[in-house]
Amino acid sequence: MKKQLKSKKYSVFEAPSLHDAKMRMKHDTNYLEYKLDDKYKNLGLHKTYMVKTYGCQGNIADSEKIKGIMEDMGYTEVFKEEESDVLFFNTCAIRENAENRIYGELGRLHPLKVNNPSMIIALCGCMPQEEVTVEKIKEKYPQVDIVFGTHNIYQIPKYLYETYDNKHRVVEVYSYEGDIVEGIPLKRDSKTKAWVDIMYGCDEFCTYCIVPYTRGRERSRNEKDIIKEVEDLVKKGYIEVTLLGQNVNAYGKDFKDKKYGFANLLEDLAKTGIPRIRYTTSHPRDLDTETMDVMAKYDNIMPHLHLPVQSCSNEILNKMNRKYTKEMYLEKVEYLRKVIPNISLTTDLIVAFPNESEEDFEETLDLVRKAKFEGAYTFIYSKRKGTPAATYDNQIDPFTAKRRLLTLNKLINDGFAYGNKRFENEVVEVLVEGYSENKEHLLCGYTKNNKLVNFEGSEELIGKLVNVKIIKAFTWHLRGELVD
Ligand code: 5AD
Ligand code: SF4
């Protein structure tokens with residue numbers, strides 16, 4: 001007979017509600033300070049953990065917090081599921097296929113958990129913020145012991161303690177606007193490149209997107225905390241920071257007592273002397289000329305911008321609630337190219353949004369040609385329960401959606417190749433990351449314009465900035481030679 005997991009009861013401290021998550025109350029953001037309670041110290045002595053991360057950079061940065069908290073309790077990181085005493089799935093809810101992948105992973109782990117019932121599996125990130133996920137986990141996935149969301153990472157010690165102590169499963173997901181928790185220890189994945197959260201949440205409510213419900217209200221970290229974090233990174237020898245937020249251009253809009261926006265922050269961070277600054281993600285409506293001017297003024301702000309356009313038909317943009325038109329987008333691109341002529345632009349695009357006609361799709365292709373994107377993430381629209389677009393008529397059939405995606409991808413790939421080709425015979429600065437995954441004898445790294453370069457060189461160059469002459473451009477990467 002197939003071995004089964006013993007049933008354990010669930011303690012639901014708080015269940016998610018997409019309806020509550022939609023509310024945007026006017027009260028001020030709570031600033032909390034992380035502190036590990038004495039009773040949780042040493043909880044992880046002689047125990048191991050592993051974190052599996054899915055989705056955007058926001059989740060990658062959150063995973064560094066999870067790891068920091070686990071090490072604060074004495075746990076040791078491992079990289080094999082079967083060796084871990086606590087296994088986290090930091091999940092993404094942006095599209096249905098991202099969620100299906102997680103359910104597949106959980107199913108695959110069932111036998112591991114049956115053979116090792118003391119192992120703890122925790123599901124966190126964006127998926128648990130949806131009611132349907134929590135219901136499904138409770139009903140069909142007894143292998144999951146702890147469920148928490150995006151707002152309560154700092155409570156991990158409490159959840160582990162509860163699980164060990166009371167031998168029950170814990171669910172706690174907050175569906176409010178969210179706090180800012182400073183002082184969470186970080187275990188960064190890299191010694192040269194760092195993610196730096198500058199704000200959390202999103203108030204845009206694009207009609208297809210689940211993020212404003214899963215990540216709460218837009219709230220900005222105090223600039224002093226961010227500047228201090230980057231100054232510390234400079235002291236530790238970090239070379240690159242990427243500033244993170246769902247809509248970084250809205251940074252500071254929630255400050256009531258001061259006028260200090262994204263352009264101010266970018267300028268203050270450029271002055272810290274960190275060699276490279278990037279940021280993501282931008283919203284075209286909120287990208288202002290001040291920000292573009294600061295980008296142009298400082299050599300350490302990289303000439304690459306990811307500026308998601310999503311669609312380029314004004315009618316669809318309106319239905320998406322993007323609050324700009326194709327013309328407005330192109331105006332910003334034109335200004336960017338005027339002040340930073342060498343800039344590389346990339347974007348996100350969604351095809352087959354409800355009601356998208358062939359003409360609408362042609363508009364998208366037209367803008368892609370005009371904006372000269374050098375890369376893009378392209379997606380088929382995915383219906384997300386709880387979002388307005390999920391109720392729209394005229395959902396597009398999968399066959400048409402696929403055809404549009406393939407057509408769009410072809411054009412995007414041409415842009416990718418063009419973006420690489422323009423660097424042939426040029427000498428570019430590369431931040432060396434390590435050995436190339438496909439060609440192990442070659443080093444790889446990224447240029448200021450965020451182009452991947454492979455070249456021959458010795459191990460001590462890893463983590464350094466070097467000059468490389470580009471000898472050949474391919475669609476997805478550049479081949480170069482080290483310059484003395
Ligand atoms: N379907 C398809 N793509 C989506 N995105 C967000 N929500 C959806 C959805 N429901 C895309 C957008 C966004 C990127 C992170 O994911 O392009 O910029
Ligand atoms: Fe989603 Fe729009 Fe917010 Fe981006 S700006 S996270 S697409 S709602």
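If you're wondering where the values come from, they're calculated on a predicted model, not measured in any experiment. Remember, it's 1-based here, ligands and their atoms both numbered in the order they're listed. Only heavy atoms go into these numbers, but all of them, side chains included; no hydrogens, no water, no symmetry mates. The first residue of the sequence shown is numbered 1, and numbering continues consecutively from there.
With a 6.0 Å cutoff to the six-membered ring centre and a 45° limit on the axis angle, Lys258 counts as a cation-pi contact of Phe255.
Using a cut-off of 2.8 Å, one finds that Cys206 contributes no N/O/S atom close to atom 1 (Fe) of ligand 2.
At the shortest separation from atom 7 (S) of ligand 2 among protein heavy atoms lies Tyr208 OH, 3.4 Å. When only non-hydrogen protein atoms are considered, atom 3 (Fe) of ligand 2 lies nearest to Cys202 SG, 2.3 Å. Protein heavy atom at the shortest distance from atom 6 (C) of ligand 1 is Ile94 CG1, 3.4 Å. Nearest protein heavy-atom neighbour of atom 1 (Fe) of ligand 2: Cys209 SG, 2.3 Å. For atom 1 (N) of ligand 1, the nearest non-hydrogen atom of the protein is Ser382 N, 2.9 Å. In this structure, the protein non-hydrogen atom closest to atom 15 (C) of ligand 1 is Asp348 OD2, 3.9 Å.
Between Tyr208 and Tyr381, the gap from one ring centroid to the other reaches at least 6.0 Å. You'll find the ring centres of His306 and Tyr377 inside the 6.0 Å limit. Between His19 and Tyr213, the ring center distance fails the sub-6.0 Å criterion. In summary, the aromatic rings of Phe373 and Phe416 are positioned with their centroids too far apart to meet the 6.0 Å limit.
Between the side chains of Tyr200 and Glu218, no donor N or O sits under 3.5 Å from an acceptor N or O. Thr192 and Ser190 share a donor-acceptor pair across their side chains, judged by distance under 3.5 Å alone.
In Pro212, the part holding a heavy atom less than 4.0 Å from any atom of ligand 2 is the side chain. Of all the heavy atoms of Tyr208, the ones lying under 4.0 Å from any atom of ligand 1 are found in both the backbone and the side chain. If you look at Val211 next to ligand 2, the close heavy atoms, those under 4.0 Å, all belong to the side chain. Contacts of Thr387 with ligand 1, taken as heavy-atom pairs under 4.0 Å, are absent altogether.
Proximity of Arg215 to ligand 2 is not established, as no heavy-atom distance is less than 4.0 Å.
If you number the atoms of ligand 1 from 1 as listed, the ones under 4.0 Å from a heavy atom of Ile350 come out as 3 (N), 4 (C), 5 (N), 12 (C), 17 (O). Ligand-side atoms of ligand 1 in range of Gln310: 12 (C), 13 (C), 17 (O), 18 (O), range being under 4.0 angstrom from any heavy atom. Residue Arg384 has at least one heavy-atom neighbour below 4.0 Å for each of these atoms of ligand 1: 10 (N). Every atom of ligand 2 with a heavy atom of Glu204 under 4.0 Å away is listed here by number and element: 3 (Fe), 5 (S). For ligand 1, the atoms lying closer than 4.0 Å to a non-hydrogen atom of Tyr381 are 1 (N), 2 (C).
A salt bridge links Asp197 with Lys65; the closest basic N to acidic carboxylate O contact falls under 4.0 Å.
Listed here is the closest heavy atom pair of Val134 and Pro128: CG2-O, 3.4 Å.
Geometrically, ligand 1 and Arg95 share a nitrogen or oxygen pair separated by less than 3.5 Å.
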_Evaluation steps, ring pair (Phe, Tyr, Trp, His ring centres under 6.0 Å), between Tyr324 and His283_ = CA-CA 10 Å; Tyr324 55 84; His283 191 293; 5.7 Å; yes
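Annotation: the span from Leu330 atom CG to Glu334 atom CD amounts to 8.0 Å, rounded to 0.5 Å.
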